[in-house]
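Working notes, structure below.
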Amino acid sequence: MAFQLWFLGIAQLSVRARGLSSFSDVDVKNRRSFIFCGGALASASAASLALPLRSPASTPPPADTVYGEILSLFDAKTIPWTTRAPSSGDAPSWNDLRYRTSTLRTTVDDAAPAPARPAFYPAWMAGHWSVRYRFDGASFPQGRTVLSLRTAGAGLGTCLSLPNVGYSPPAHAAHFFKRSSDAYEDLAYNAPRKMEAFWPQSKVLSVCTDGRRRPDEVAVAGLSTKCFVTGDGCAVEENDALHLPASRVALDFEAPTRRSGRRTQSLDVSMVEDVDGRGPGGGSHAASRNYSQFNVDQELQTFYKEISYWEEIEDQNQVVGKIRVAAFLPKYIKGLDAGNSAQDYDENSAVAVYDYKILMKSISESEAASI
Ligand SMILES: *[C@@H]1O[C@H](CO)[C@@H](O)[C@H](O)[C@H]1NC(C)=O
């Protein structure tokens with residue numbers, strides 16, 4: 001695995017971020033070749049619109065309280081993984097949320113934690129966007145000494161929300177689509193692009209999702225077949241679930257490793273909980289989402305919470321947003337490294353917090369294909 005410089009103690013995160021901004025024009029390969037069955041998109045979402053869906057938005061949480069609670073996490077000094085009353089004083093149930101690697105499991109689907117219902121966004125998020133992420137700082141609420149290289153974000157690609165913490169990537173394309181009165185993220189479209197934008201040395205080879213026809217259904221869908229960068233397996237006739245609302249996405253990618261040069265690797269991410277709040281008037285949206293990620297080749301399990309805020313700038317066809325990712329380090333994970341188990345800290349509280357600002361500009365589908 002390739003680790004971030006800041007994590008290896010070579011540079012302070014803030015220094016690294018400034019130093020890297022001069023690289024923001026790094027040529028991110030030939031994006032034009034990165035098509036991922038975009039042609040199948042239109043028909044997939046058109047077909048799904050015909051389904052009589054009950055929108056998750058029809059049972060909204062009490063907007064102001066949830067919305068306000070999520071927003072307060074942007075200023076919070078500590079971020080808990082779970083806010084549920086610890087009924088019997090037990091630790092968070094990391095075990096239920098992790099990927100299982102036991103050889104007794106026969107399929108990959110057996111191995112993933114139960115995903116949450118696909119996350120929805122306000123309808124104004126639908127469309128193609130040119131997205132810019134700008135690094136806005138990081139903090140380590142329990143001190144740097146509790147950190148381990150197994151923390152989400154320490155290794156490149158170990159936190160798909162922010163695959164290269166500290167780096168402000170060049171603009172990349174994103175796609176959200178409308179379904180009933182909500183918008184959903186096209187994970188099969190967005191995840192590979194985000195990965196390559198944040199980590200220019202990586203090359204995504206395939207993507208699959210647990211796309212489902214009924215986004216309000218909790219039922220586990222299992223992963224779609226793989227859509228390869230070559231276009232194989234991407235057409236809607238052979239892969240109709242790929243671009244549907246999803247909570248889980250898996251990527252195969254080729255990227256540099258510290259010890260053995262460029263290698264093909266895989267990661268698999270499940271959103272295990274989603275809490276959403278709509279702002280007054282519906283022009284803004286806040287979400288808090290818990291993720292469990294497994295980087296297969298390193299047998300690395302990470303947990304993180306993504307707190308996000310989105311606001312429509314209607315007259316400019318823009319959306320401004322911010323995202324804060326809180327990384328957690330369960331003691332069972334930290335204990336995997338020799339000599340690391342003794343230290344006391346709160347595993348229910350974030351050990352690292354990463355902040356980014358986001359600017360999205362509305363673009364056409366063909367413009368998106370040429371970023
Ligand atoms: C996910 O986050 C929410 C709110 O931030 C928390 O209350 C909940 O317990 C977490 N869910 C899981 C499954 O850990």
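Whatever order the structure lists them in is the order used to number ligands and atoms, beginning at 1. The analysis underlying the following values was restricted to heavy atoms, covering all of them including side chains, and did not include hydrogens, waters or symmetry mates.
Remark: ligand 1 atoms within the under-4.0 Å shell around heavy atoms of Thr82 are 6 (C), 8 (C), 9 (O). Short contacts between ligand 1 and Ser288, defined as distances under 4.0 Å to a heavy atom of the residue, involve ligand atoms 5 (O).
Under the 4.0 Å criterion applied to side-chain N and carboxylate O atoms, Asp344 and Lys331 are assigned as salt-bridge partners.
The only option from Thr209, Asp210, Asp268 that meets the side chain to side chain donor-acceptor pair (under 3.5 Å) definition with Arg248 turns out to be Asp268.
Ligand 1 has at least one atom lying under 4.0 Å from a heavy atom of Lys305.
Cys pair Cys227/Cys208: SG-SG separation is not below 2.5 Å.
Under 3.5 Å, the side chains of Gln301 and Tyr99 contain no donor-acceptor pair of N or O atoms.
Only side-chain heavy atoms of Asn290 come within less than 4.0 Å of ligand 1; its backbone N, CA, C and O stay farther off.
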